[in-house]
Amino acid sequence: MKNYINIGLFGLGTVGKGVVNQLNDNGSLIKKRLGREIRITRAVTANPDKERGIDLKNIQISNKINDIINDPEIDIVVELIGGIDLAKSIILQSLKKGKSVVTANKALLAECAEEIFNAAYTSKGLFGYEASVAGGIPIIRNIRESYSGDKIMEISGIINGTANYILSSMSEKNETFLSALKEAQEKGFAEADPTFDIEGIDAAHKLILLMNLSFNAIFDFKSLYIEGIAQIEPIDIEIADDFGYVVKLLGKARDDDKGFEARVHPTLVNKNSILASVNGAFNAVQVMGNFVGETLSYGAGAGSYPTSSAVLGDLIQIGRALSSSDTSSPPPLSFQIEHLRKKQILPIDELETEYYLRFTVLDKVGVLASLTKSLGENNISIRCMIQKSKEHVPGLPVAVVILTHIAREKDIRAAINEIDKMPIVTSPTRLIRIDP
Ligand code: HSE
């Protein structure tokens, strides 16, 4: 046996550089824990000659994928290039050759779950993907190992640091959406294409991964309801605050009597709840098991070092298995492969929750009556309401916000559809779901 674990690294971007730096700094400590050194001998990147400002000595760098895949001496392939097609090909080829793989690629794992996990289950190599969800929070390991004696009933949380950073800045510092986004990008939280963060797609990738892991299933990513934060305006944050709520981008999935409910969207959470105090780029994931009860894991969910730390954790775990006579490890999705099933997510129309509805209407006689009549006819019961306008200027639009009791999404949509056609409505109604 070599006295080191040999790593081939794909990608020298934000996380790849973090992995190199962390190994440079903590290498001797890691060797004492693992019993062998972890050594990156090869790296593949699109721009091998680019100056990266980190110590890359002893690493052979090229832009040829096969330099790593065909090197029989590489034990673990680390995939940190992101994206779907090329990353998939690298991972599948590596697993086929019996190499172990560590990846942070939630988009790939969520959208091509069946293909990738089948390959991971059947390969001689081991598979680690802790870095794909919530950066430095070991949530994959918690669910796969620590809670493997529980039936998981619910997962929910703040799983996109960029969106949380933006919403926190808008709320705490009255920042505009764009300046908060710019700051998040400068700090390295945002994806290369921030649309994924803002539109909720990144959070959705992570939620599907957590669902697959928790509910012994493969869910179709395309069937998940996703709504981003781009529609949230300062007025929503201000009115939510008046009512005792903060706006958070939540991912939530539940296994209940009717089936699997799952969704990613901006949500009003009570200011007194734990999730309300999770600010900036921090993530928090709540898992509820039928015996463990409620649990909460909190930490930095994005950025170079929290993510590289998760990569290193996987490398050490796999390194330990490769160093022992028992090279098995927990099944990648916790369940044995023969028990994994394809499962469906309930349509969003069947959701039942409380709603915040912001109507933009002309301030004139009978307007409220028209709104409440339509809500009533659609089985929607009103909990409270407020009208926001500095002064009464007949003919100018005002914001009327209504909070509902628990209602069905289908009824809410029917009512909004009806109301938005009324001549008194000057802009489309905004809806934010409330976490009751
Ligand atoms: N862009 C992600 C986020 C980090 O903001 O949470 C990587 O998952």
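Numbering of ligands and ligand atoms starts at 1, following listing order.
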N/O separation below 3.5 Å, [X] to ligand 1:
X: S132; answer: no
X: G161; answer: yes
X: K106; answer: yes

Tell me: protein heavy atom nearest atom 2 (C) of ligand 1, and distance?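 Sorting protein heavy atoms by distance from atom 2 (C) of ligand 1 puts E191 OE2, 3.2 Å first.
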
Just to confirm my output: which protein heavy-atom neighbour is closest to atom 5 (O) of ligand 1, and how far is it? T162 OG1, 2.6 Å

Tell me whether [X] is salt-bridged to [Y], with the criterion being a basic N under 4.0 Å from an acidic carboxylate O.
X: D314; Y: R141; answer: yes
X: D236; Y: R430; answer: no
X: E73; Y: K99; answer: no

With a heavy-atom distance limit of 4.0 Å, tell me whether N283 approaches ligand 1 through its side chain, its backbone, both, or neither.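 Contact part for N283 vs ligand 1: neither.
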
Can a cation-pi geometry be assigned to R39 and Y4, taking NZ or CZ under 6.0 Å from the six-membered ring centre and within 45° of the ring axis?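 Geometry flag: set, cation within 6.0 Å and 45°.
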
Flag the pair F117 / Y129 as yes when their ring centroid distance falls below 6.0 Å, and as no otherwise. yes

Pull out every atom of ligand 1 sitting under 4.0 Å from any heavy atom of N160, numbered as shown with elements.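 Reading through ligand 1 atom by atom, the close ones are 2 (C), 3 (C), 5 (O), 6 (O).
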
Atoms of ligand 1, numbered as shown, that sit under 4.0 Å from any heavy atom of D197: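 Once the distances to D197 are compared, the set is 1 (N), 2 (C), 3 (C), 5 (O).
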
Go through it in stages, so that I can follow the logic: the residues are K388 and D242, the test is salt bridge (Lys or Arg N to Asp or Glu O under 4.0 Å), and I'd like the CA-CA distance, side-chain angles, deciding distance and then a yes or no. CA-CA 11 Å; K388 276 269 174 185; D242 292 346; 2.9 Å; yes

